[in-house]
Amino acid sequence: MALSHAQALEAVLFASGEPVTKKKLAQFLHTTEAAIGEAVTDLRAQLENRGITLVESAEELELRTSPDAGDIVKKLREGELSKDLGKAGLEALAVTLYREGATRSDIDWIRGVNSSQILRSLLLRGLVERVEDPSDKRKFNYRATGEALAHLGVSRKEDLPRFAELSKEVEVAAEASNNESL
């Protein structure tokens, strides 16, 4: 059974967990931006009166929770925020600190697993921020915030254990990742 463009669009947006440009969606789904526009109309109609909504800007699309589900989502987030960061959260936070910013794919490669949910949790807690990658406008960098430093009990990243040594090792690992993908 082949997926419709609206179904494929929904699946890709759900799996990405972040905004995706319409141009990238058209390329990925082997279709035109006009067909993506039609799929957006179809998907928006399908999501009407549901817990998820389609958020659209001039360039990007993203699936988000519906504003009507705000109270429920707030309770969920409060529950997430009361949990300990755990090993995975600390790993992702360490990569962003020692690398002084990293894309999700960098973090995934260094950790060896998908880090989407961990990054979401760190974003919710205010421990990382997502900023546009200056070298590639299609990507985002995740950077540790001042709140992350306070959470770890240091006033500057250079006060982290073995900062100079580990920063260099993380950079070497990231360069190896970039070379592998070429």
Side-chain angles (χ1 to χ4, degrees), residues 1-70 72-77 79-81 83 85-93 95-96 99 101-133 135-143 174 177-178 180-182:
M1 178 181 143
L3 294 177
S4 71
H5 281 152
Q7 291 170 318
L9 179 64
E10 180 180 19
V12 170
L13 290 173
F14 178 81
S16 74
E18 57 188 24
V20 181
T21 65
K22 295 172 187 176
K23 182 176 181 177
K24 187 174 182 180
L25 287 164
Q27 291 170 345
F28 187 75
L29 298 175
H30 306 291
T31 191
T32 64
E33 287 188 55
I36 293 296
E38 292 172 16
V40 165
T41 301
D42 293 346
L43 182 56
R44 190 177 309 284
Q46 292 170 21
L47 294 175
E48 199 168 299
N49 299 317
R50 303 254 318 266
I52 295 177
T53 190
L54 183 63
V55 176
E56 180 178 13
S57 70
E59 303 283 324
E60 298 176 324
L61 295 168
E62 180 179 17
L63 284 180
R64 303 290 298 228
T65 54
S66 168
D68 296 338
I72 296 168
V73 172
K74 182 179 177 184
K75 287 179 188 176
L76 172 69
R77 288 183 176 165
E80 285 179 358
L81 295 177
K83 293 179 188 173
L85 274 181
K87 182 181 173 192
L90 290 173
E91 286 174 352
L93 187 56
V95 172
T96 62
R99 181 96 197 280
T103 64
R104 191 183 91 200
S105 61
D106 293 336
I107 296 167
D108 291 350
W109 190 89
I110 291 168
R111 292 189 62 239
V113 296
N114 186 311
S115 302
S116 298
Q117 291 300 318
I118 295 303
L119 286 170
R120 179 181 173 274
S121 177
L122 293 172
L123 282 164
L124 287 172
R125 293 170 185 255
L127 300 177
V128 296
E129 62 182 349
R130 187 172 78 172
V131 295
E132 192 174 82
D133 186 332
S135 65
D136 186 346
K137 303 286 186 209
R138 299 169 295 172
K139 294 182 182 179
F140 293 101
N141 276 333
Y142 293 89
R143 293 191 306 213
S177 169
N178 290 338
E180 282 182 9
S181 61
L182 294 177

A.B. asks: When you compare the side chain of Leu13 with that of Leu25, does any pair of heavy atoms fall below 4.5 Å?
C.D. replies: yes

A.B. asks: Measuring from Leu123:CG to Glu129:CD, what's the distance to the nearest 0.5 Å?
C.D. replies: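 Result: 9.0 Å between the selected atoms.
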
A.B. asks: If we ignore hydrogens and angles and just use 3.5 Å, is the side chain of Asn141 paired with the main-chain N or O of Asp133 as donor and acceptor?
C.D. replies: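 Not confirmed, Asn141 side chain does not pair with Asp133 backbone.
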
A.B. asks: What's the spacing between Leu43 CG and Gln7 CD if we round to 0.5 Å?
C.D. replies: 10.0 Å

A.B. asks: Less than 4.5 Å apart, side chain to side chain, heavy atoms only: is that true for Tyr142 and Val95?
C.D. replies: no

A.B. asks: On a heavy-atom basis, which atom in Arg130 and which in Phe140 lie closest, and how many Å separate them?
C.D. replies: CG-CB, 3.4 Å

A.B. asks: Is the closest side-chain heavy-atom distance between Leu127 and Leu85 below 4.5 Å?
C.D. replies: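 Leu127 reaches Leu85 side chain to side chain.
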
A.B. asks: Report yes if some heavy atom in the side chain of Leu63 is under 4.5 Å from a heavy atom in the side chain of Leu54; otherwise report no.
C.D. replies: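 A side-chain contact under 4.5 Å exists here.
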
A.B. asks: Counting only heavy atoms not in Gln46, do more than 12 fall under 6.0 Å of its CD?
C.D. replies: yes

A.B. asks: Rounded to the nearest 0.5 Å, what separates atom CZ in Arg99 from atom CZ in Arg143?
C.D. replies: 13.5 Å

A.B. asks: For residues Ile107 and Ala102, report the shortest heavy-atom separation together with the two atoms involved.
C.D. replies: CG1-CB, 3.9 Å

A.B. asks: If you take all heavy atoms of Thr31 and Ala35, which pair is closest and at what distance?
C.D. replies: OG1-CB, 3.0 Å

A.B. asks: Give, for atom CG of Leu29 and atom NE2 of His5, the distance between the pair rounded to the nearest 0.5 Å.
C.D. replies: 6.5 Å

A.B. asks: Identify the heavy atoms of Leu119 and Val128 that sit nearest to each other, and give their distance.
C.D. replies: O-CG2, 4.2 Å

A.B. asks: To check you understand the geometry: which heavy-atom pair defines the closest contact between Ile118 and Arg111, and what is its length?
C.D. replies: CG1-NH1, 4.3 Å

A.B. asks: Would you check if the side chain of Glu60 reaches a backbone N or O of Ser57 as a donor-acceptor pair within less than 3.5 Å?
C.D. replies: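 It does not hold such a pair.
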
A.B. asks: Among side-chain atoms of Ser116 and Arg104, is any donor-acceptor pair under 3.5 angstrom?
C.D. replies: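 Checked: Ser116/Arg104 side chains pair up, N/O donor to acceptor below 3.5 Å.
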
A.B. asks: Going from CD1 on Ile72 to OG1 on Thr65, what distance comes out if it is rounded to the nearest 0.5 angstrom?
C.D. replies: 10.0 Å

A.B. asks: State which residue, out of Gln27, Glu56, Glu33, fulfils the side chain to side chain donor-acceptor pair (under 3.5 Å) condition with Lys22.
C.D. replies: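 Of the listed residues Gln27, Glu56, Glu33, the side chain to side chain donor-acceptor pair (under 3.5 Å) partner of Lys22 is Glu56.
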
A.B. asks: Could you pull out the closest heavy-atom pair between Thr103 and Lys139, with the gap in Å?
C.D. replies: CG2-CD, 4.2 Å

A.B. asks: Between Leu47 and Glu10, does a side-chain contact (heavy atoms from CB on, under 4.5 Å) hold up when you go through it step by step?
C.D. replies: CA-CA 10 Å; Leu47 294 175; Glu10 180 180 19; 4.1 Å; yes

